[in-house]
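For reference, the structure discussed in these notes is given below.
Residue numbers begin at 1 in each chain, while the letters A, B, ... track the order of the sequences. Below, all heavy atoms of this structure are taken into account, side chains as well, without hydrogens, waters or symmetry copies.
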Amino acid sequence: MQLGPCLRRAFFERPCLQVAPDLIGAILVRTLPSGFRLLGRIVDVEAYLGDGRDPASHSHRGPTPRNRSMFGPPGRLYAYRSYGIHTCVNLVCEPEGSGAAVLLRAVEPLAGFAEMRRLRGLPRDRADRLLANGPGKLAQALDLDLSWDGASVLRGPVQVRGPRTGAPRPDIGRSGRVGISKGTRLAYRFFERRSPWTGPAPRATTAGRAAPAGADS
DNA sequence: CCAAAGATCTACT
DNA sequence: GTAGATCTTTGGG
């Protein structure tokens with residue numbers, strides 16, 4: 001099995017609600033300074049819109065020092081500090097200036113288990129499924145911190161590649177986003193169904209049907 | 001200026 | 001299930 005091609009700028013330049021589900025099954029490739037590669041298959045993401053109507057989006061009130069890379073060119077990272085402790089990583093979408101991005105919530109580790117475990121500081125007796133089943137854990141497992149804010153994923157030490165060739169199409173579920181208090185009714189979370197590697201179970205998984213977008217909680 | 005909330009995670013009861 | 005860590009951003013006086 002080989003990895004698909006590195007995703008190009010045109011992929012990220014589309015509406016983030018189209019990009020988000022297309023990222024499920026894609027491969028995150030992190031090449032460490034030593035040349036060692038960490039691979040994770042994306043299984044859980046959330047879209048954050050830039051049109052000013054998404055109250056949970058960091059871009060909701062326009063550009064600030066923290067979120068400026070959200071308004072930059074697509075195909076780059078938006079990394080921010082969460083709760084003063086953790087790093088969370090997004091992929092910037094849509095044309096430059098839009099302020100839209102997709103939060104990476106969980107990956108299924110494919111290679112570099114031992115290194116991810118070391119980066120996470122996990123004891124030996126903790127399950128592999130805890131390696132990257134949350135946005136903060138994912139960033140730590142892939143050795144991504146705030147210094148990666150604005151970095152391109154079109155080439156370089158962090159890349160997003162298409163699904164493995166011959167891989168079956170993932171069964172994608174859609175639900176409300178988690179960990180937020182505003183805009184919880186917007187069904188902007190996309191995840192692989194029945195994957196043991198995703199974050200918390202969705203509040204209201206729709207049976208493959210999207211909840212209406214445009215309404216707020 | 002001060003207070004509070006926040007796209008989280010871990011440890012402990 | 002709840003508390004605490006830790007700090008940036010935001011909103012009110």
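In this structure, A/L119 and A/L38 have side chains that are in contact, with non-hydrogen atoms separated by less than 4.5 Å. You'll find the side chain of A/R30 reaches within 4.5 Å of the side chain of A/P157, heavy atoms only. The shortest distance between side-chain heavy atoms of A/T87 and A/Q140 does not fall below 4.5 Å. Looking at A/V19 and A/P15, their side chains never come closer than 4.5 Å, going by heavy atoms from C-beta outward.
The side chain of A/R189 contributes no N or O atom lying less than 4.0 Å from OP1 or OP2 of B/dA7. The side chain of A/R126 places an N or O atom within less than 4.0 Å of a non-bridging phosphate oxygen (OP1 or OP2) of B/dA11. Proximity of A/K137 to the phosphate of B/dT10: a side-chain N or O atom is located under 4.0 Å from OP1 or OP2.
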Check: protein-nucleotides 5-7 of chain C nitrogen or oxygen pairs below 3.5 Å:
{"from": "C/dT6", "atom 1": "O2", "to": "A/Y83", "atom 2": "O", "distance (Å)": "2.4"}

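Straight-line distance from the NZ atom of A/K182 to the P atom of C/dT10: 10 Å, rounded to whole Å. In this structure, the OH atom of A/Y80 is 13 Å from the C1' atom of C/dT9, given to the nearest Å. One atom, NE2 of A/H60, and another, C1' of B/dG6, lie 15 Å apart when rounded to the nearest Å. Rounded to an integer number of Å, the gap from CG of A/D145 to C1' of B/dC9 is 17 Å. Distance, A/N67 CG to C/dT9 C1': 10 Å, rounded to whole Å. The separation between A/R68 atom CZ and C/dT8 atom C1' is 14 Å, rounded to whole Å. In this structure, the CZ atom of A/R177 is 13 Å from the P atom of B/dG6, given to the nearest Å. Across the protein-nucleic acid pair, A/L131 atom CG and B/dC9 atom C1' stand 14 Å apart, rounded to whole Å.
Distance noted for atom C1' between B/dA7 and C/dG1: 22 Å (whole Å).
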In sequence, state the C-alpha distance, the side-chain angles, and the governing distance for A/V153 and A/F12, and then conclude on side-chain contact (heavy atoms from CB on, under 4.5 Å). CA-CA 10 Å; A/V153 299; A/F12 296 102; 4.0 Å; yes
Decide side-chain contact (heavy atoms from CB on, under 4.5 Å) for A/L131 and A/L122; before the verdict, give the C-alpha distance in whole Å, the side-chain angles of both, and the deciding distance to 0.1 Å. CA-CA 8 Å; A/L131 282 174; A/L122 280 190; 3.9 Å; yes
Could you walk me through whether A/R66 and A/D149 pass the salt bridge (Lys or Arg N to Asp or Glu O under 4.0 Å) test, one step at a time? CA-CA 10 Å; A/R66 177 177 69 161; A/D149 183 46; over 6 Å; no
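In summary, of the residues considered (A/K182, A/R177, A/H60), a side-chain hydrogen bond (donor to acceptor under 3.5 Å, both in side chains) with A/D54 occurs for A/R177 alone.
Residue A/T64 has its side chain nearest to C/dT10 when only C/dT10, B/dA7, C/dT9 are considered. Taking every side-chain heavy atom of A/R66 into account, C/dT9 is the closest of B/dT10, B/dA7, C/dT9. Of all nucleotides listed (C/dT9, B/dG6, B/dA7), C/dT9 comes nearest to the side chain of A/P65.
Cation-pi geometry between A/R76 and A/Y78 is not met at under 6.0 angstrom from the ring centre and within 45 degrees of the axis.
Between A/D128 and A/R117 there is a salt bridge, since a side-chain N of the basic residue sits under 4.0 Å from a carboxylate O of the acidic one.
Annotated stems with DNA chain C as a participant read B:1-6 with C:7-12, B:8-12 with C:1-5, given as range with range, by first number; only runs of 3 or more Watson-Crick or G-U pairs under 3.5 Å qualify.
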